[in-house]
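Input: a single structure, listed below in structure tokens.
Start at 1 and go down the list; that is how both ligands and their atoms are numbered. Positions are given from 1 along the sequence.
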Amino acid sequence: MRVLWKLRKYLQKYWPQVTLALLTLLGITAVQLVLPNIIRQVIDIGLGQGKARYLLVSAAVILGLGVVQAGLTFIRQYTSEWISHHVAYDVRNHLYNHIQHLSFSYHDHTQSGQLISRCIEDVRSIQQFTGSGVVELLHMSILAISIITILLIENTQLAAIALLPIIPLFFATIRFGQKVSPMFYRVDYTLGELSTRLQENVIGAQVVRAFAREPYEIKRFDTANRELYDARITVIREWSRVMPTTALLITLSTILIIWFGGQSVLHGDMTLGEVVAFNSYMLLLAQPVQQLAWLVNSAGEAAAGTKRIWELLNVKPDIQSPPDSIALPELSGYVEFHNVSFKYLNEEKYALRDINLKVEPKQIIALIGPTGSGKTTLVNLIPRFYDCHQGSVRIDGRNVREVDLVSLRKQIGIVLQTSLLFSATIKENIAYGRPEADEKDIIAAATAAEAHEFITSFSNGYDTIVGERGITLSGGQRQRVAIARALLMDPRILILDDATSSVDTETEYQIQQALVHLMEGRTTFVIAQRLSTVKRADLIIVMDEGRIIERGTHDVLLRQDGLYRQIYDLQLRDQEKVQVEREALRT
Ligand code: ADP
Ligand code: MG
């Protein structure tokens with residue numbers, strides 16, 4: 001429960017509203033406490049002494065108090081909900097900001113569903129608790145303490161007897177709370193699992209259909225869903241056990257009051273009004289006691305949510321700009337790898353070993369090698385998506401760890417094999433890295449990327465909305481929009497994960513032209529699959545098992561008769577034939 005205390009910093013900001021909620025709370029409690037006393041006087045004076053006028057006045061007073069209570073309740077309800085939704089809003093934003101700064105290696109080890117459920121479900125539980133929860137808890141505590149005090153003053157003996165059943169109830173509720181909080185943690189976790197399944201499945205819908213794996217996916221979802229159901233049911237079972245016990249024990253209290261209080265009236269020790277008022281107070285006390293279980297429940301849920309949210313907030317982004325780092329000036333484009341070794345978190349094997357590489361501005365470096373040889377890993381170190389364990393990566397002579405991250409990444413353009421576009425207009429997608437770019441620049445970038453033509457063929461042109469993840473565009477078109485996006489950034493360093501995407505030769509030719517435009521005048525690292533790109537490179541790096549095993553130009557490497565030669569014979573040579581044929585067709 002102590003975790004809930006962490007939430008205070010979100011509440012502090014809204015102290016005027018919190019104060020207002022507390023004041024109305026005190027008002028409501030006062031009214032509630034006065035009412036049984038009025039009823040006592042109605043019975044003892046109005047009825048007992050036969051004063052009809054007294055009844056009339058009392059009725060008016062009760063009516064007035066009722067109206068006041070209604071007004072206060074409205075204010076309290078509105079303010080507490082207002083506070084809770086503002087807190088939820090702040091927590092959500094805080095979380096989202098935090099997630100934006102987490103590094104690749106964090107995302108490698110985290111299910112996206114868990115992140116999503118933290119932002120939605122866990123925040124909801126906090127919202128529920130900070131709203132009705134906290135206010136009710138305070139309300140009920142004040143009410144309970146006041147009532148018990150009043151009862152003890154009125155008639156200590158009767159109070160002691162009537163309160164007897166409340167004691168076990170109190171402990172049962174506390175125990176319930178201790179039991180239920182870890183259960184909620186499990187509920188939230190399984191909910192995260194469920195979101196992950198759902199999300200993967202929606203994104204991977206095509207793969208699932210293509211492999212006819214629907215029954216398998218349905219079963220997998222069912223497993224996660226059942227776990228959620230089981231987790232919830234265990235909570236509800238506990239909850240259902242507490243509720244009837246509460247009701248029963250309260251009835252027991254009333255019976256004790258009627259029995260012992262009734263005898264006191266018969267013996268003339270108490271008036272009828274006093275006993276009725278006593279019982280009214282007791283019933284009033286039933287409310288906080290019954291609510292206690294609900295509150296503990298809600299607090300447990302909020303505690304679990306807070307714990308999960310804090311776990312996330314406590315993850316320090318391991319890749320950050322160092323304090324008072326310098327912003328990189330416009331780069332020339334020197335890149336140097338100096339004795340770089342790297343392995344992924346929790347992996348045994350080094351993904352890169354002793355990489356030494358010096359690249360001059362505007363050179364084109366082609367990386368080639370079997371799958372898993374470390375090409376992607378190598379280029380990922382340049383924008384500092386990961387930090388190397390040994391050695392250093394230097395850009396224009398500066399260690400990437402020492403410079404401001406934003407100024408570094410803004411000058412590195414990246415085009416990946418499968419380009420993710422956002423669900424927005426084509427224009428917005430192209431301008432993603434430079435939202436302030438004007439129309440002219442966007443069109444120029446699209447033209448250089450050989451995309452202008454197909455974009456203007458759409459009826460909405462640049463304002464065409466690209467479906468979620470750009471699904472309405474063909475692979476080749478998407479690729480060219482991504483190239484335009486990188487072009488618009490005018491980066492000094494470029495990273496291309498060049499695809500052997502299954503596009504027709506005409507599209508392939510266009511993509512290639514677009515890439516040629518893109519590479520002009522920039523230091524380019526290209527993970528090459530196309531012979532034409534490889535041939536154009538100033539330096540070819542051949543990688544195997546995380547090491548650079550050969551380096552040189554096309555002709556030199558061919559003569560060496562090593563791994564490059566093998567790759568050339570197996571994959572690249574055929575392209576040459578196609579290319580020759582295509583050239584022949586064109587002329
Ligand atoms: P390539 O791009 O040459 O196909 P990668 O650089 O992607 O190779 O991978 C190099 C090695 O690192 C492989 O053994 C791969 O399994 C491993 N690897 C790649 N990405 C990750 C990751 N995010 N976490 C753990 N291991 C990874
Ligand atoms: Mg790769």
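Remark: distances from the non-hydrogen atoms of G369 to ligand 1 are all 4.0 Å or more.
Residue contact annotation: T376 places an N/O/S atom under 2.8 Å from the Mg ion (ligand 2).
Residue K349 approaches ligand 1 through these ligand atoms, each under 4.0 Å from one of its heavy atoms: 14 (O). The atoms of ligand 1 that sit less than 4.0 Å from any heavy atom of T371 are 4 (O).
Both the sub-6.0 Å distance and the 45° axial angle are not jointly satisfied by K427 relative to the ring of Y462.
Of all the heavy atoms in R124 and E301, the pair that sits closest is NH2-OE2, 2.9 Å.
Under 4.0 Å from ligand 1, the heavy atoms of E347 that appear belong solely to its side chain.
Within the 6.0 Å centre-distance limit, the rings of H554 and Y564 are counted as a close aromatic pair.
When Y344, F342, F104 are ranked by how near their heavy atoms come to atom 22 (C) of ligand 1, first place goes to Y344. Nearest to atom 2 (O) of ligand 1 by heavy-atom distance, out of T377, D544, T376, is T376.
Under the 4.0 Å criterion applied to side-chain N and carboxylate O atoms, E545 and R353 are not assigned as salt-bridge partners.
For ligand 1, the polar-atom distance check against S373 finds a nitrogen or oxygen pair separated by under 3.5 Å. For a threshold of 3.5 Å applied to N or O pairs, the pair formed by A351 and ligand 1 contains no separation below that value.
The shortest side-chain heavy-atom distance between V123 and I126 does not fall under the 4.5 Å cut-off.
Within a 6.0 Å sphere centred on NE2 of H101, other residues, nucleotides and ligands contribute 12 heavy atoms or fewer.
Looking at E200, E193, E227 one by one, the single match for salt bridge (Lys or Arg N to Asp or Glu O under 4.0 Å) with R220 turns out to be E200.
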